[in-house]
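A short write-up of the structure that comes next.
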Amino acid sequence: MRRRKIAVAAAFCLSFFIGTLLNLLCAPAGFHHHQEQRRLQDETDAASLRPLLQQLRERYEEVLRYRDHRATPPPTSARILRPLERRLMDLAQPQPKWESNKVKRGSVSPALGNNKIDVSLRSPRLGCQDIRNGSDVRYLGSGYTKAVYKSLLNGSVSVALKSVDFGGHDIQNCVRDYGTLEDCYRLASFKILKEMILLQRLQHPNILQLYGYCYQDSNDISDTLTTITELGSPLEMIQLLQTPWEDRFRICLSLVRLLHYLAHSPLGSITLLDFRPRQFVVVDGELKVTDLDDASMDETPCISHTDCFLEFPARNFTLQCSAEGKCQNMNEKRNLYNAYRFFFTYLLPHSAPSSLRPLLDVIVNATGELRWGVNEALVQLEKVFYLYQSGLYLPNVTDIPKGEYKEVPHAVVAEEDYRCWPSYHHTGCLLSVFDLNEAKDVCRSHSQCQAFVWTNQTTWTGRPLVFFKTGSRTLVSALDKTTYLKLTG
């Protein structure tokens with residue numbers, strides 16, 4: 001029995017010794033195999049994240065260029081590539097050549113240094129505390145990159161809050177491709193940073209005002225950015241088509257004044273690559289551009305005229321290549337043609353005063369053919385504005401009888417409305433006129449008109465608003481109005 005125990009113990013010790021020896025002999029190969037697998041995985045992760053890091057670097061450098069007002073470096077290749085006119089949100093990029101292979105799965109944006117870029121050119125009026133104290137926050141809408149909210153500050157001032165939309169197209173596509181939310185957020189936030197810089201550098205009545213901004217932690221990401229801007233109403237083209245010509249002309253005049261400023265801005269000629277009505281809002285009747293993240297101050301380089309190809313859905317243009325190797329006025333011509341196809345062709349001629357229509361037709365045709373630059377377009381629209389505001393557009397005819405009217409001071413016809421188009425009132429005929437003679441002409445041209453009420457209201461041009469009525473049976477007292485009754489036979 002004792003020998004059996006000794007034999008069992010010896011066998012156990014021998015098996016343990018042999019197992020240990022085998023492990024020692026085989027371990028280096030297994031360890032090296034594991035290390036090789038980790039190295040291959042790291043290289044795979046690095047390769048998959050390199051396009052994202054390249055885009056982050058490009059966006060980061062773009063923000064710094066606009067902050068420091070530096071031009072794009074000239075191309076190193078002799079072959080000039082046409083600019084790809086697309087939104088900056090598109091994440092698909094050609095595979096770049098990398099300087100470093102040490103890109104690891106996880107956050108890659110620290111390679112750019114501090115992500116919180118100082119973009120404030122002046123002290124902001126509003127900040128994080130104002131946002132926290134705001135009330136009645138409402139979601140207004142979102143695009144590919146940003147979400148916009150309305151907030152009431154100090155119980156009296158409504159502002160717009162813009163931030164990256166974590167459920168938007170840019171973030172969702174980026175996370176799907178690269179799997180890192182923080183870096184995808186950084187990529188999208190650079191567009192807001194660029195817009196902030198442009199809103200500070202470009203000061204014009206038709207550019208939305210930036211009131212301030214706030215960096216705060218959100219969605220487990222540090223220093224997420226929210227901008228605080230002026231609040232405007234979305235530009236609804238269908239609704240705008242139903243407004244009086246005077247208001248539609250104001251939109252077009254505001255737009256050309258804006259484009260003239262962008263063509264001669266402190267940063268050089270600025271083009272709006274994403275030029276659509278939804279990029280604009282209306283504030284107190286004035287058109288204002290609100291989205292500048294896809295604006296560009298880069299001039300298109302060229303070697304020959306064929307490099308200066310301007311392409312639109314309906315037609316194309318070839319511009320001149322200057323001696324300096326830049327396409328002449330391409331930025332302003334792109335803006336001007338987009339203004340023609342989205343605004344002028346719909347808003348300018350229709351229901352305009354008959355004497356102004358020939359001039360308006362010339363403006364529409366010249367901008368649609370790009371025969372003019374933005375300077376001439378502004379001169380001609382300012383001419384229309386002067387003729388309209390001064391009353392010089394009215395025909396100088398004195399032999400047409402205006403009819404006899406009885407003036408009734410401090411009185412108004414309370415009812416007896418009729419509809420006309422376009423009117424400032426949805427159930428009555430409320431029109432602007434230059435003077436009393438034009439009001440009489442309008443009443444004479446409307447078969448229903450038997451009276452009109454001169455109100456104390458004016459339009460943006462200073463023209464009085466007049467209510468036209470079918471009769472005077474409901475004449476009542478009103479201190480600030482005057483009624484004119486048409487006399488018969």
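Quick note: residue numbers are just sequence positions, from 1.
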Check [X] against [Y] and note the closest heavy-atom contact, atom names and distance.
X	Y	result
W245	P353	CE3-CD, 3.7 Å
Y185	T224	OH-CA, 2.9 Å
A188	I171	CB-CD1, 4.1 Å
A451	C443	N-SG, 4.3 Å
L208	E230	CD2-O, 3.4 Å
E286	S254	OE1-OG, 2.8 Å

task = For a side chain to side chain contact (heavy atoms under 4.5 Å, CB included) with S151, tell me which candidate from I228, V157, L231, L161 qualifies.
result =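 Between S151 and the candidates, side chain to side chain contact (heavy atoms under 4.5 Å, CB included) is satisfied uniquely by L161.
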
Counting N and O atoms only, with roles assigned by atom type, does the side chain of [X] sit under 3.5 Å from a partner on the main chain of [Y], one being a donor and the other an acceptor?
X	Y	value
Q209	P205	no
D247	T243	no
Q448	T470	no
Y346	P349	no
T345	Y340	no
N338	N335	no
S296	D298	yes
D130	G127	yes
S423	H426	no
R59	K194	no

key: Pair F452 + Y405: ring centers closer than 6.0 Å   =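 For F452 and Y405, the ring centres are under 6.0 Å apart.
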
query = Can you check whether F468 and Y418 have ring centres sitting under 6.0 Å from each other?
reply =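 No, too far apart.
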
How far does [atom1] of [X] sit from [atom2] of [Y], to the nearest 0.5 angstrom?
X	Y	atom1	atom2	result
H169	T145	NE2	OG1	9.0 Å
L241	L347	CG	CG	6.0 Å
L359	R357	CG	CZ	13.0 Å
L485	K406	CG	NZ	6.5 Å
S322	L319	OG	CG	11.0 Å
Q328	T300	CD	OG1	12.5 Å

ask   = Considering residues at least two apart in sequence or located in another chain, which fulfil the side-chain hydrogen bond (donor to acceptor under 3.5 Å, both in side chains) criterion with Q172?
value =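 Once residues adjacent in sequence are excluded, Q172 has no partner under the side-chain hydrogen bond (donor to acceptor under 3.5 Å, both in side chains) criterion.
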
Are [X] and [Y] ion-paired here, with the side-chain N under 4.0 Å from a carboxylate O?
X	Y	answer
R463	E438	yes
D441	R444	yes
E62	R57	no

Side-chain touch [X]/[Y], heavy atoms, less than 4.5 angstrom:
X	Y	answer
S472	K486	no
I207	Y261	yes
V63	I197	yes
E246	Y424	yes
F434	Y388	no
L310	K333	yes
V442	H446	yes
V379	W372	no

Y393 versus S390, side-chain donor and acceptor atoms under 3.5 Å =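 No, Y393 and S390 have no side-chain donor paired with an acceptor closer than 3.5 Å.
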
Short side-chain donor-acceptor distance under 3.5 Å, T482 and E407 =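 The answer is no; no qualifying pair exists.
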
Who are the side chain to side chain contact (heavy atoms under 4.5 Å, CB included) partners of [X], not counting sequence neighbours?
X	value
D417	F467, K469
R257	H204, N206, L253, L378, E382, F385
D291	K146, K162, E195, Q279, D293

ask   = What residues form a salt bridge (charged side-chain N to carboxylate O under 4.0 Å, His left out) with R248, not counting sequence neighbours?
value =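 Salt bridge (charged side-chain N to carboxylate O under 4.0 Å, His left out) list for R248, sorted by chain: empty.
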
request  = Describe, in one word, how the ring planes of Y215 and Y213 are oriented to each other, choosing from parallel (under 30°), tilted (30 to 60°) and perpendicular (over 60°).
outcome  =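 Perpendicular.
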
request  = May I ask you to check whether the SG atoms of C321 and C302 are separated by less than 2.5 Å?
outcome  =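 C321 pairs with C302 as a disulfide (SG atoms under 2.5 Å apart), so yes.
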
query = Should the SG of C429 and the SG of C449 be checked, would they turn out to be under 2.5 Å apart?
reply =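 With an SG-SG separation of 2.5 Å or more, C429 and C449 do not form a disulfide.
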
request  = Please report the C-alpha distance between K440 and E404 in whole Å, then the side-chain angles of each, then the deciding distance to 0.1 Å, and finally whether the salt bridge (charged side-chain N to carboxylate O under 4.0 Å, His left out) criterion is met.
outcome  = CA-CA 9 Å; K440 292 179 180 180; E404 296 296 328; over 6 Å; no

key: Other residues, nucleotides, ligands: >12 heavy atoms within 6.0 Å of R419 CZ   =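 12 or below, so no.
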
inquiry  = Is it true that, when you exclude D284 itself, more than 12 heavy atoms of the residues, nucleotides or ligands shown sit nearer than 6.0 Å to its CG?
reply    =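 No, the 6.0 Å shell around CG holds no more than 12 heavy atoms from other groups.
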
task = Report the C-alpha distance between R315 and E369 in whole Å, list the side-chain angles of each, state the deciding distance to 0.1 Å, and finish with yes or no for side-chain contact (heavy atoms from CB on, under 4.5 Å).
result = CA-CA 10 Å; R315 62 172 305 172; E369 297 290 333; 3.0 Å; yes

Steps toward side-chain contact (heavy atoms from CB on, under 4.5 Å) verdict (I192, V164) = CA-CA 8 Å; I192 297 184; V164 171; 3.6 Å; yes

key: Test log, rule side-chain hydrogen bond (donor to acceptor under 3.5 Å, both in side chains), inputs T229 and T227   = CA-CA 6 Å; T229 69; T227 60; 5.7 Å; no

task = Evaluate the side-chain contact (heavy atoms from CB on, under 4.5 Å) criterion for residues C174 and L52: first the C-alpha distance (whole Å), next the side-chain angles of each, then the deciding distance (0.1 Å), finally the verdict.
result = CA-CA 8 Å; C174 179; L52 176 58; 3.9 Å; yes

message = Does anything in residues 279-308 form a ring pair (Phe, Tyr, Trp, His ring centres under 6.0 Å)? List the pairs, not counting sequence neighbours.
response =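 Ring pair (Phe, Tyr, Trp, His ring centres under 6.0 Å) check on residues 279-308 returns F275-F280, F280-F343.
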
message = Determine whether S269 and E332 satisfy the following criterion, side-chain hydrogen bond (donor to acceptor under 3.5 Å, both in side chains), listing intermediate values before the conclusion.
response = CA-CA 7 Å; S269 182; E332 73 166 83; 5.5 Å; no

